[in-house]
Amino acid sequence: MAATRTAHTVWNGNLMEGSGNTTLDSSGLGTFDVTWKARTEQAGGKTSPEELIAAAHSACFSMAFSHALAQAGYTPEEVQTKADVTFVPGTGITSSHLTMSATIPGISEDEFRRISEEAKTGCPVSGALASIEITLDATLNA
């Protein structure tokens, strides 16, 4: 069954001095202030499209990795994923770097590496970001 999620943004003013807010409509979790400065300078309590993409990518990868582990017969105790999405003014979004660490009883380092690479490629957000470089640093905790 297909699912559609919705958010909306209201923007006021020009790009450089203007500001707006993005509301997560489907979940109702809140409204977040967005500005150009949050994209290119210090966030200053505001968010950016890149931060929202980073949140989506880290969540999606964690879910895809956990699913792939379950299919291979493993249950993770914990998976922590951070995504660093890079924006270059005049160029756009150039990369997403995932940093993941996980505690998974009984898995070998080789199996861990194989499954984490498959999840990096198989995550639907990775698919949506296929035009940029996606890298992964994965650490198996003892």
Side-chain angles (χ1 to χ4, degrees), residues 1-72 74-105 107-142:
M1 173 188 286
T4 300
R5 300 294 177 255
T6 305
H8 78 274
T9 300
V10 176
W11 187 266
N12 298 294
N14 67 29
L15 175 62
M16 299 303 202
E17 288 88 34
S19 64
N21 57 61
T22 296
T23 301
L24 305 180
D25 297 319
S26 299
S27 65
L29 288 175
T31 298
F32 304 92
D33 294 334
V34 294
T35 64
W36 173 256
K37 286 183 180 182
R39 294 182 95 170
T40 60
E41 300 173 20
Q42 292 298 321
K46 308 215 177 356
T47 194
S48 67
E50 293 73 28
E51 184 176 37
L52 296 170
I53 290 170
H57 203 191
S58 67
C60 183
F61 173 83
S62 293
M63 295 167 79
F65 182 60
S66 295
H67 179 65
L69 287 168
Q71 289 184 316
Y74 300 101
T75 302
E77 290 179 6
E78 182 176 74
V79 176
Q80 291 187 25
T81 307
K82 177 179 78 159
D84 296 304
V85 173
T86 301
F87 172 75
V88 177
T91 301
I93 296 171
T94 58
S95 65
S96 182
H97 179 71
L98 299 166
T99 304
M100 182 267 292
S101 65
T103 304
I104 308 159
I107 196 169
S108 71
E109 185 72 32
D110 287 344
E111 186 79 346
F112 170 75
R113 295 261 171 243
R114 181 187 66 75
I115 293 171
S116 63
E117 284 296 323
E118 286 176 4
K120 179 186 86 170
T121 304
C123 159
V125 173
S126 290
L129 298 174
S131 66
I132 65 169
E133 178 183 29
I134 298 172
T135 54
L136 170 66
D137 285 331
T139 302
L140 178 60
N141 299 325

Are the side chains of [X] and [Y] in touch, meaning some heavy atoms are under 4.5 Å apart?
X	Y	answer
I104	E77	no
E50	R39	yes
L140	I107	yes
L129	I134	yes
F87	T40	yes
E111	Y74	yes
L136	F61	yes
M100	L98	no

Counting distance only, does the side-chain N/O of W36 pair as donor-acceptor with the main-chain N or O of A38 below 3.5 Å?
->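 Not confirmed, W36 side chain does not pair with A38 backbone.
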Counting only N and O atoms by type, is there a donor-acceptor contact under 3.5 Å from the side chain of R114 to the main-chain atoms of E109?
->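 Absent.
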Roughly how far apart are F32 CZ and L52 CG, rounded to 0.5 Å?
->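 The CZ atom of F32 sits 8.0 Å away from the CG atom of L52.
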Interatomic spacing from CD in E78 to OG in S66 - rounded to 0.5 Å |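 Taking CD in E78 and OG in S66, the distance rounds to 10.5 Å.
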Show the nearest heavy-atom pair for residues [X] and [Y], with the distance to one decimal.
X	Y	value
N14	M16	OD1-N, 3.2 Å
S58	A55	OG-O, 3.1 Å
S95	I132	C-CD1, 3.6 Å

Determine the sole option in T47, T31, V34 for which the side chain to side chain contact (heavy atoms under 4.5 Å, CB included) test with T22 is passed.
->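 Exactly one option meets the side chain to side chain contact (heavy atoms under 4.5 Å, CB included) with T22, and it is V34.
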For the pair I115 and L69, evaluate side-chain contact (heavy atoms from CB on, under 4.5 Å) and give the outcome as yes or no after the intermediate values.
-> CA-CA 7 Å; I115 293 171; L69 287 168; 4.0 Å; yes
Short side-chain donor-acceptor distance under 3.5 Å, S19 and T35 =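 Side-chain D/A pair, T35 to S19: absent.
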Would you say the side chains of D84 and H97 form a donor-acceptor pair under 3.5 Å?
->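 No, no side-chain donor-acceptor pair sits under 3.5 Å.
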H57 and S96: side-chain contact (heavy atoms from CB on, under 4.5 Å), yes or no, with the steps?
-> CA-CA 8 Å; H57 203 191; S96 182; 2.7 Å; yes
